[in-house]
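Here's the structure, in structure tokens; my notes come after.
For ligands, and for the atoms within them, numbers begin at 1 and follow the listed sequence. Because the structure is predicted, anything quoted here is derived from the model rather than measured.
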Amino acid sequence: MRRPLMAGNWKMYKTAAETAAFFEKFNPQVANATHCDIVICPPFPNLAAAVEATRGTRIGIGGQNLYWAKEGAFTGEVSGPMLVGVGAQWVIIGHSERRQYFGETDETVLKRTVAALEEGLYPIVCVGERLEEREAGQTETVLVRQFRDGIGGLSPEQFARIAIAYEPVWAIGTGKTATPEMAAEAHRSLRAQVEARYGKGAAELARVLYGGSVKPDNIKGLMAQVEIDGVLVGGASLEAASFASIVNF
Ligand code: 13P
């Protein structure tokens, strides 16, 4: 069966000192969590502190974005080799905040995903509809477009190494979680697209995470859905006890 992946996206929160303090509390609380993969994605300047603080543990560290060139005159960007060099193993790609505020498109999401895979990183690629799209009954259409124009461009070998995160934009940071049934329905739609593009075996193996106001008190209901293979957690991953209780669902 698919191994759960419990990932925290710290967004633009925490300094290096706060990062070290988090792991001091968090590590012992998840030391026995062998049932899942655990990943934390801090802001770039704190990757080194996070890697250092998780050495010898099963916790993986990831970036929140990367640029597709290996190096060059791209002020403010960070490349795959740089993430690998600092000890990151994972990377979030195409988060809705990147799409909304920083002009990311399905096309750039694909480029970044390919670049991450070339460096041996494990991408967590985000998709999801906005509120007005859901209200207009376009959820499936949006997911189809994001898949087709984004990760659907990967080769089967490349696709096998990514996780997909379904994050309905209206559920992010709003306290409005999609019900487990709503999330599962979107996950089924995504899995059907994986099957159509990459085959039944790939669809059965693909890890599809849910993200959007995941909290200790709704994690059990979400993880009870066979379609939900883990979560990508924002706010509730910032506090050690809260993310540990999500990991230990
Ligand atoms: P919240 O858990 O704060 O709603 O954020 C979700 C998210 O965007 C994770 O990537």
[X]: numbered ligand 1 atoms lying under 4.0 Å from its heavy atoms:
X    : value
G212 : 4 (O), 6 (C)
K11  : 5 (O), 6 (C), 7 (C), 8 (O)
H95  : 7 (C), 8 (O), 9 (C), 10 (O)
A171 : 4 (O)

Any Lys/Arg nitrogen of D106 or R148 sitting under 4.0 Å from an Asp/Glu carboxylate oxygen of the other? no
salt_bridge(R130, E133) N-O dist < 4.0 Å: yes
[atom] - nearest protein heavy atom and its distance:
atom                   : value
atom 4 (O) of ligand 1 : G173 N, 2.6 Å
atom 3 (O) of ligand 1 : G235 N, 2.9 Å
atom 2 (O) of ligand 1 : G234 N, 2.9 Å
atom 9 (C) of ligand 1 : E167 OE2, 2.9 Å

Could you tell me if the ring centre of W10 sits under 6.0 Å from that of F23?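 Yes.
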So, applying side-chain hydrogen bond (donor to acceptor under 3.5 Å, both in side chains) with E227, which one of H187, R191, R188 is it?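 Per the side-chain hydrogen bond (donor to acceptor under 3.5 Å, both in side chains) rule, the option paired with E227 is R191, out of H187, R191, R188.
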Distance-only donor-acceptor check, side chains N27 and T57, under 3.5 Å: no
Side-chain H-bond candidate by donor/acceptor type, E129 with W170, under 3.5 Å: yes
Parallel, tilted or perpendicular, as decided by the 30° and 60° cut-offs, for the rings of Y67 and F74: tilted
Taking the side chain as everything from C-beta on, heavy atoms only, tell me whether V39 gets closer than 4.5 Å to I61.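 Sidechains of I61 and V39: no contact.
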Based purely on interatomic distance, does [X] place a nitrogen or oxygen under 3.5 Å from a nitrogen or oxygen of ligand 1?
X    : answer
K215 : no
T174 : no
S213 : yes

Residue part near ligand 1, for A236, under 4.0 Å between non-hydrogen atoms: neither
Ligand 1-proximal atoms of N9, by part, heavy-atom distance under 4.0 Å: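 Side chain only; the backbone of N9 stays clear of ligand 1.
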Separation between CG of L47 and CE of M82, rounded to the nearest 0.5 Å: 12.5 Å
